[in-house]
Amino acid sequence: MVIFTSKNNPDISVTFKGSISDKINIRGNGVTTSINEINKPYYIRLTNDITSASVTYMSNEQYLNLFDLIEDGNSFDVKTSEGEYFDNVYISESPELSRKKSTNTKEYYRTGTLSLGCV
């Protein structure tokens, strides 16, 4: 489970089944020379940035909450059931979630990918 919670209004949240993708971002690097004249690279700062969320199941109610989240400033925190946490996240591109019908419950749900970015 993935939960988006608005930074401006904590009452607005979106919960869905899916997973997130992230990457390690290297900010600033250099090379130092040891006493033995061996060059050793080093990194000043590493950050773990979220890149996308893969949605496998989002109810219509949560899909409408997604619109409210974007209209409320498009700034939110992300929590997953695995304990991962990302803050100051935004949706970088227009959400493209397709509508599908469940064969068991005969109700519609959304699935697709959300492109995300970090501040």
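Computed from a prediction, not measured in an experiment: that's the story for all the values here.
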Check: Taking atom CD of Glu96 as the centre, does the number of heavy atoms from other residues, nucleotides or ligands within less than 6.0 Å exceed 12?
Finding: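 Check fails, neighbour count at 12 or below.
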Check: What's in the same ILVMFWY side-chain cluster as Tyr90, cut-off under 4.5 Å, chained through other members?
Finding: Val119
Notebook entry, point to check: Which residues, ordered by chain and number, are linked to Phe16 in its hydrophobic cluster, where ILVMFWY side chains connect at heavy-atom gaps below 4.5 Å, directly or through other members?
Noted result: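 For the cluster that includes Phe16, the remaining residues are Val2, Phe4, Ile12, Val14, Ile20, Ile50, Val55, Met58, Tyr63, Leu64, Leu66, Phe67, Leu69, Ile70, Phe76, Val78, Phe86, Val89, Ile91, Leu97, Leu114, Leu116.
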In chain order, what residues pass the side-chain hydrogen bond (donor to acceptor under 3.5 Å, both in side chains) check against [X], with sequence neighbours excluded?
X     : result
Asn39 : Thr33
Asn74 : none
Ser6  : Asp72

Is it the case that the side chain of [X] and the backbone of [Y] share a donor-acceptor pair, with hydrogens and angles ignored and the cut-off at 3.5 Å?
X     : Y      : value
Ser54 : Ser19  : no
Asn36 : Ile38  : no
Ser98 : Thr111 : yes

For the atom pair [atom1] ([X]) and [atom2] ([Y]), what is the distance rounded to the nearest 0.5 Å?
X     : Y      : atom1 : atom2 : answer
Lys23 : Cys118 : NZ    : SG    : 9.5 Å
Glu61 : Thr15  : CD    : OG1   : 9.5 Å
Ser13 : Gln62  : OG    : CD    : 6.5 Å
Tyr57 : Lys100 : OH    : NZ    : 13.5 Å
Asp49 : Asn25  : CG    : CG    : 5.0 Å
Lys17 : Ser81  : NZ    : OG    : 11.0 Å

Check: Quick one: salt bridge (Lys or Arg N to Asp or Glu O under 4.0 Å) partners of Lys7, sequence neighbours excluded?
Finding: Asp77
Check: Heavy atoms, side chains only, cut-off 4.5 Å: are Ser102 and Tyr108 in contact?
Finding: no
Next item on the list: Answer whether the closest heavy-atom distance between the side chains of Glu107 and Lys101 falls below 4.5 Å.
Entry: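 Glu107 does not reach Lys101 side chain to side chain.
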Margin query: Testing the basics here: between Glu93 and Ser115, what is the closest heavy-atom pair and its distance to 0.1 Å?
Written below: OE1-OG, 3.7 Å
